[in-house]
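Beneath this line is the structure, given in structure tokens, with notes to follow.
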Amino acid sequence: MKHITKRWFWAAGIRAARTMAQTALATVGTAAVLQQVDWLAVGSSALLAAILSLLTSLGGLPEVDN
């Protein structure tokens, strides 16, 4: 595994937050069309997306790579 630094954590955190927000918006948008928003499902989907984003970032981040 590459050297993980403060900068890596910052970049990976930003990516995870963006991914989480995008997933939440997509889930709410889909549920709103169906007239039912299950907030537990929205939250769990968004959290899972953030975790998967962090795991993907372990492979490397262009923002941090020299």
Got a list of side-chain donor-acceptor pairs under 3.5 Å for residues 23-30, not counting sequence neighbours?
from	atom 1	to	atom 2	distance (Å)
T23	OG1	T19	O	2.9
T27	OG1	T23	O	2.7
T30	OG1	A26	O	2.9

Side-chain donor/acceptor pairs under 3.5 Å, residues 52-59, sequence neighbours excluded:
from	atom 1	to	atom 2	distance (Å)
T56	OG1	L52	O	2.8
S57	OG	S53	O	3.0

Name the atoms and distances for all side-chain donor-acceptor pairs under 3.5 Å in residues 36-47, with sequence neighbours left out.
from	atom 1	to	atom 2	distance (Å)
D38	OD1	L40	N	3.3
S44	OG	L40	O	3.1
S44	OG	A41	O	3.2
S45	OG	A41	O	2.8

